[in-house]
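Report on the structure given below.
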Amino acid sequence: MSTATTSKIMLLMAFMAAALSSVSMASGLRYNFYNTSCPGAEDKVRSVVQSLISNDATMGAAFVRLFFHDCFVRGCDASILLDPSTSNPNTEKQAIALRGYDAVNKIKAALESICPGVVSCADILAFAARDSTTASGGFTFGMPSGRRDGLVSVFGEVFQHMPSPSSQLGDLLKSFDAKGLDAVDLVALSGAHSFGQTSCNFVKPRLYPADPTMNATFATALRSVCPQQGGGSILVNNNRVSQDPNKLSNAFYQNVASRQVLFTSDQTLTSRNDTAAMVADNAARPIAWMARFTGAMLKMGRIDVLTGANGEVRKVCFATNSGT
Ligand code: HEM
Ligand SMILES: *[C@@H]1O[C@H](CO)[C@@H](O)[C@H](O)[C@H]1NC(C)=O
Ligand SMILES: *[C@@H]1O[C@H](CO)[C@@H](O)[C@H](O)[C@H]1NC(C)=O
Ligand SMILES: *[C@@H]1O[C@H](CO)[C@@H](O)[C@H](O)[C@H]1NC(C)=O
């Protein structure tokens with residue numbers, strides 16, 4: 001690594017350390033929560049995540065998205081992971097198809113083998129998202145922990161809280177504001193659409209008929225992949241422009257500028273001057289984007305967390321300990 005890059009990354013870490021001591025105090029989370037109860041916890045998560053990503057480079061995106069969907073519905077409480085049961089007959093995971101549930105079970109099993117019953121599934125999602133950022137994005141940060149797992153997961157809450165890919169900027173800002181996240185956070189986190197995959201279903205509304213805010217060349221290429229009839233589950237890379245579709249980077253913002261992004265919710269980020277300026281700055285200054293992405297991930301990671309004696313630490317991530 002060059003000296004310039006090293007010093008930029010050290011600057012970033014110093015900035016984050018200063019910004020974040022207040023974050024952890026306000027939420028009841030703290031850095032290194034498992035330092036005595038399970039000192040190897042964060043290393044174990046990192047090594048399993050790294051091996052899952054080296055076996056399948058698309059997994060980083062799956063972990064980052066799981067964290068977003070967990071935190072936006074009922075807070076970061078692993079409610080996204082619960083399977084249906086008597087007490088939770090219709091759960092969040094039935095509402096939107098996400099990837100990575102088996103992978104989360106693998107991480108949990110690895111932790112249970114070193115410290116049974118200690119590390120919550122909510123913290124596993126947070127650590128896995130951080131470690132995916134490192135593996136797929138090349139930058140890292142401390143992730144406060146001490147989240148506990150919820151007992152409740154409700155299908156019907158998903159669409160109340162999750163923004164839609166057809167949302168315009170005003171609605172996106174409202175749904176982020178409801179979680180304590182601002183326009184800077186929205187724009188920074190949308191950079192996660194630099195990696196991972198999308199099914200044609202979510203793209204077709206902008207292809208048939210053609211959305212004039214999409215680059216016409218880009219739209220023609222997408223129409224050849226996503227047919228008008230059928231093919232809704234065909235996968236396309238979120239980043240169809242860069243060489244590596246599994247790299248988390250600020251390339252997203254250049255794609256927004258050239259109108260080569262998949263969702264209305266991506267393209268609408270330039271519809272107001274202030275957010276358009278944020279897009280331009282994130283495109284021009286990768287290290288600044290990394291700092292903003294980090295800050296926003298940490299803010300997201302403290303949404304409505306359960307701490308102390310609230311909730312529980314699940315034995316398995318897909319069921320509550322009572323199992324009913
Ligand atoms: C701003 C509002 C957002 C909307 C409307 C939105 C919508 C979507 C949709 C529709 C997909 C495709 C899903 C599929 O085909 O199964 C997707 C994928 C993805 N989203 Fe978002 N998203 C938003 C914000 C975020 C945020 C904040 C993050 C994380 C920080 C994120 C991370 C991802 C990732 C990584 C993928 C690829 C997942 C994979 O490869 O499986 N998104 N998003
Ligand atoms: C663990 O962290 C707590 C709180 O930060 C600290 O008081 C304690 O000394 C740490 N223990 C070890 C073994 O590092
Ligand atoms: C549309 O995309 C092409 C590459 O496919 C690019 O060269 C062009 O600059 C884009 N157009 C606009 C208006 O950004
Ligand atoms: C937004 O930016 C455009 C182009 O720079 C400018 O003409 C317009 O006055 C700005 N609008 C507002 C509300 O600042």
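In listed order, ligands and their atoms are each counted from 1. Keep in mind it's a predicted model, so treat the numbers as computed, not measured.
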Is the side chain of [X] donor-acceptor paired with the backbone N or O of [Y] at a distance under 3.5 Å, no angle test?
X	Y	value
S153	E92	yes
D123	S145	no
S194	A251	no
N282	M278	yes
E112	G117	yes

Based purely on interatomic distance, does T198 place a nitrogen or oxygen under 3.5 Å from a nitrogen or oxygen of ligand 1?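 Not met; the criterion fails.
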Taking distance alone, with N or O pairs closer than 3.5 Å, would you say N238 contacts ligand 1?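 No.
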Between F67 and G301, the two heavy atoms sitting closest are CZ-CA, 3.4 Å
Looking only at distances, can you tell me whether any N or O atom of N215, backbone or side chain, sits closer than 3.5 Å to an N or O atom of ligand 3? yes
Do any N/O atoms on Q260 end up under 3.5 angstrom from N/O atoms on ligand 3?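 Yes, since at least one N or O of Q260 sits under 3.5 Å from an N or O of ligand 3.
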Applying a strict under-4.5 Å side-chain criterion to I, L, V, M, F, W and Y, I'd like to know whether I287 and W289 cluster together. yes
Closer than 4.0 Å and a protein heavy atom, does any atom meet both conditions relative to [atom]?
atom	answer
atom 2 (O) of ligand 4	yes
atom 13 (C) of ligand 3	no
atom 7 (O) of ligand 3	no

Can you name the atoms of ligand 1, numbered from 1 with element, that are less than 4.0 Å from a heavy atom of [X]?
X	answer
L189	27 (C), 30 (C)
Q197	37 (C), 38 (C), 39 (C), 40 (O)
L186	1 (C)
V64	29 (C), 30 (C)
R99	39 (C), 40 (O), 41 (O)
P165	5 (C), 10 (C)
G196	37 (C), 40 (O)
P163	2 (C), 5 (C)

Whether [X] lies under 4.0 Å from ligand 1, heavy atom:
X	answer
F67	no
L262	no
S164	yes

Side-chain ion pair, D43 and R46, N-O less than 4.0 Å: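 Yes, charged N to carboxylate O under 4.0 Å.
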In H193, which N, O or S atom comes closest to atom 21 (Fe) of ligand 1?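 Atom 21 (Fe) of ligand 1 is closest to the H193 atom NE2, counting only N, O or S.
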More than 12 foreign heavy atoms under 6.0 Å from [atom1] of [X]: is that the case here?
X	atom1	result
D102	CG	no
K204	NZ	yes
Q267	CD	yes

Side-chain H-bond candidate by donor/acceptor type, D244 with S242, under 3.5 Å: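 No, S242 and D244 have no side-chain donor paired with an acceptor closer than 3.5 Å.
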To check your reading of the model: name the closest protein heavy atom to [atom], its residue, and the distance in Å.
atom	answer
atom 15 (O) of ligand 1	S199 N, 2.7 Å
atom 4 (C) of ligand 1	S265 OG, 4.0 Å
atom 26 (C) of ligand 1	F68 CD2, 3.4 Å
atom 5 (O) of ligand 4	N273 ND2, 4.8 Å
atom 32 (C) of ligand 1	A192 CB, 3.6 Å
atom 11 (C) of ligand 1	F263 CZ, 3.4 Å
atom 14 (C) of ligand 1	F202 CE1, 3.4 Å
atom 19 (C) of ligand 1	R65 CD, 3.4 Å
atom 35 (C) of ligand 1	A61 O, 3.2 Å

Between F68 and F72, how do the two ring planes meet: parallel, tilted or perpendicular, split at 30° and 60°?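 Judged by the thresholds at 30° and 60°, the geometry between F68 and F72 is perpendicular.
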Check the orientation of F141 and F139. Use parallel for under 30°, tilted for 30 to 60°, and perpendicular for over 60°.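 Answer is tilted, since the angle falls between 30° and 60°.
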Contact between T133 and L248 at the side-chain level, heavy atoms closer than 4.5 Å - yes or no?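 In contact.
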My understanding is that only one of K299, R292, K174 makes a salt bridge (charged side-chain N to carboxylate O under 4.0 Å, His left out) with D182; could you say which?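 So, applying the salt bridge (charged side-chain N to carboxylate O under 4.0 Å, His left out) to D182 and each of K299, R292, K174, only K299 qualifies.
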